[in-house]
Amino acid sequence: MEERLQKVLARAGVASRRKAEELIVAGRVEVNGKKVTELGTKVQGGKDLIRVDGKLIDDAQAETYLVLYKPAGVVTTLSDPEGRPTVATLLRGVPERVYPVGRLDYDAEGALLLTNDGDLAHKLTHPRFGAKRTYLAKVRGRPSEKSLDLLRDGIKLDDGLAKPLDVDVHQHAEKNTWIRIVVDEGRPHLIKRLFLAIEHPVQRLYRPDYAGISVEGMEPGTYRELSQGEVKLLKAGGVDRPRKDVQLPARRHGRGPGGSAASLGVRGRRPKGRDNRRMR
């Protein structure tokens, strides 16, 4: 059966499907000895000889599905030019080459899915499919109900309107508040920017689950294979209603995620009224 070349490359663990497309366009892929640069090219896995940068690929890699409890201070990539720890350092012992599904900030922690199933990774990250992400954000101070309503109604950021699916107070601390917030998109620094918009910056950010796959009971830095039921759930689009009874992460020392408004792409102060929610 013929399949798109980028799909075969992703399944073989060469790169994510998006990165595989970049490799093709850059002329780094050959099929049966001929350079291929067209994204619509179809091949027969296991029959056509496919090389990337001159190296023959193996299309027989088994599909692998993992969830990693990413600790803070780890980059959600397989390599980092700045020499910071990456998720690849936590996956030693995994024979297959897997790739992160989406991103989780360097200073954030929690559920990170990894797979070599390019189609599923695309489905879980593309906004059209709306995979739900649950976060617990420890924010400075105690947001008023009016401020939380601003989030619920949606706030216009520099890259467009952002409207969480659910926002509620999870737990009060002496000087901070844990807020549970659910979104169905993965824009850069989205949670931090939303809370900066209401002037309650994030001190710590934890994602207990992604599309219904939880890290409950896991230790930071550990991973596990998904069950067949969990894989089936993901292929069906994940959970419709994320759990509300999520647990706070264990206490840790050190500074949590912050960042200035300028560094996170938020400009200005909190909107003054319900009908004026654009960050200027």
Side-chain angles (χ1 to χ4, degrees), residues 1-68 70 74-106 111-129 131 133 159 185-190 210-211 213 223 225-226 231 234-235 237:
M1 181 180 69
E2 289 190 336
E3 298 178 286
R4 289 184 179 272
L5 178 57
Q6 56 264 41
K7 180 178 179 180
V8 173
L9 292 175
R11 186 175 63 242
V14 173
S16 66
R17 192 165 71 173
R18 183 174 298 178
K19 182 63 177 179
E21 292 175 349
E22 295 176 4
L23 294 174
I24 295 170
V25 172
R28 296 169 59 184
V29 181
E30 294 180 355
V31 177
N32 297 326
K34 295 182 179 180
K35 185 181 295 185
V36 173
T37 58
E38 296 293 330
L39 293 180
T41 301
K42 291 188 176 182
V43 296
Q44 289 188 343
K47 181 177 181 181
D48 290 318
L49 297 179
I50 304 170
R51 287 182 168 84
V52 177
D53 295 332
K55 183 178 179 180
L56 187 67
I57 71 163
D58 182 6
D59 186 37
Q61 182 175 239
E63 290 184 335
T64 301
Y65 307 90
L66 306 173
V67 59
L68 168 72
K70 188 192 89 66
V74 174
V75 184
T76 311
T77 57
L78 300 182
S79 62
D80 182 63
E82 299 179 27
R84 294 171 296 180
T86 71
V87 295
T89 64
L90 303 174
L91 298 174
R92 292 168 183 161
V94 178
E96 296 82 11
R97 189 170 175 81
V98 293
Y99 295 88
V101 176
R103 291 288 183 266
L104 190 56
D105 285 353
Y106 173 76
L112 179 69
L113 300 177
L114 301 108
T115 185
N116 52 13
D117 184 338
D119 285 342
L120 180 59
H122 175 70
K123 185 174 184 179
L124 291 173
T125 54
H126 197 286
R128 179 164 63 92
F129 297 100
R133 295 92 153 153
D159 52 359
E185 57 176 326
R187 281 188 252 174
H189 311 301
L190 176 60
Y210 189 116
I213 305 302
Y223 66 87
E225 292 189 23
L226 301 190
V231 174
L234 290 179
K235 290 185 175 182

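Excluded from the calculations below are hydrogen atoms, water molecules and symmetry mates; all remaining heavy atoms, backbone and side chain alike, are included.
Side chain of Glu21 to backbone of Leu39: no donor-acceptor contact under 3.5 angstrom is found. A distance-only check finds no donor-acceptor pair linking the side chain of Lys7 to the backbone of Gly118 [under 3.5 Å]. At least one donor-acceptor pair closer than 3.5 Å links the side chain of Arg133 to the backbone N or O of Ala131.
Take Val94 and apply the side chain to side chain contact (heavy atoms under 4.5 Å, CB included) test, not counting sequence neighbours, and it matches Leu66, Leu91, Glu96, Tyr223. Lys19 pairs by the salt bridge (charged side-chain N to carboxylate O under 4.0 Å, His left out) definition with Glu22, not counting sequence neighbours.
Counting heavy atoms of neighbouring residues, nucleotides and ligands inside a 6.0 Å radius, atom CZ of Arg18 does not exceed 12 of them.
We find the OG1-CG distance between Thr64 and Leu114 to be 10.5 Å, quoted to the nearest 0.5 Å. Atom NE2 of His126 is separated from atom CD of Glu185 by 12.0 Å, given to the nearest 0.5 angstrom. A distance of 4.0 Å separates CG of Leu5 from CD1 of Ile24, quoted to the nearest 0.5 Å. Rounded to the nearest 0.5 Å, atoms CD1 (Ile50) and CD (Gln44) are 10.5 Å apart.
Here the side chains of Glu63 and Thr115 are not in contact, with every heavy-atom distance at 4.5 Å or above. Two residues are said to be in side-chain contact when any heavy atoms from C-beta on lie closer than 4.5 Å; Arg51 and Val29 fail this criterion. Side-chain contact check for Val87 versus Leu78: some heavy-atom pair is nearer than 4.5 Å. Using a 4.5 Å heavy-atom threshold, the side chains of Ile213 and Tyr65 count as separate. The shortest side-chain heavy-atom distance between Tyr210 and Val101 falls under the 4.5 Å cut-off.
In this structure, Ile57 and Val52 approach most closely via the heavy-atom pair CG2-CG2, 4.0 Å. Closest of all the heavy-atom pairs between Thr125 and Gly102 is CG2-N, 3.4 Å. When all heavy atoms are compared, the tightest approach of Tyr106 to Lys70 is O-NZ, 3.3 Å. Closest approach of Lys235 and Lys123 over heavy atoms only: O-NZ, 2.6 Å. Counting all heavy atoms, side chain and backbone alike, Ala211 lies closest to Leu124 at CB-CD2, 4.2 Å. Scanning both residues, Asp159 and Arg187, for their nearest heavy atoms gives OD1-NH1, 2.8 Å.
For residues 31-41, every residue pair satisfying the side-chain hydrogen bond (donor to acceptor under 3.5 Å, both in side chains) rule, not counting sequence neighbours, is listed here: Asn32-Asp48.
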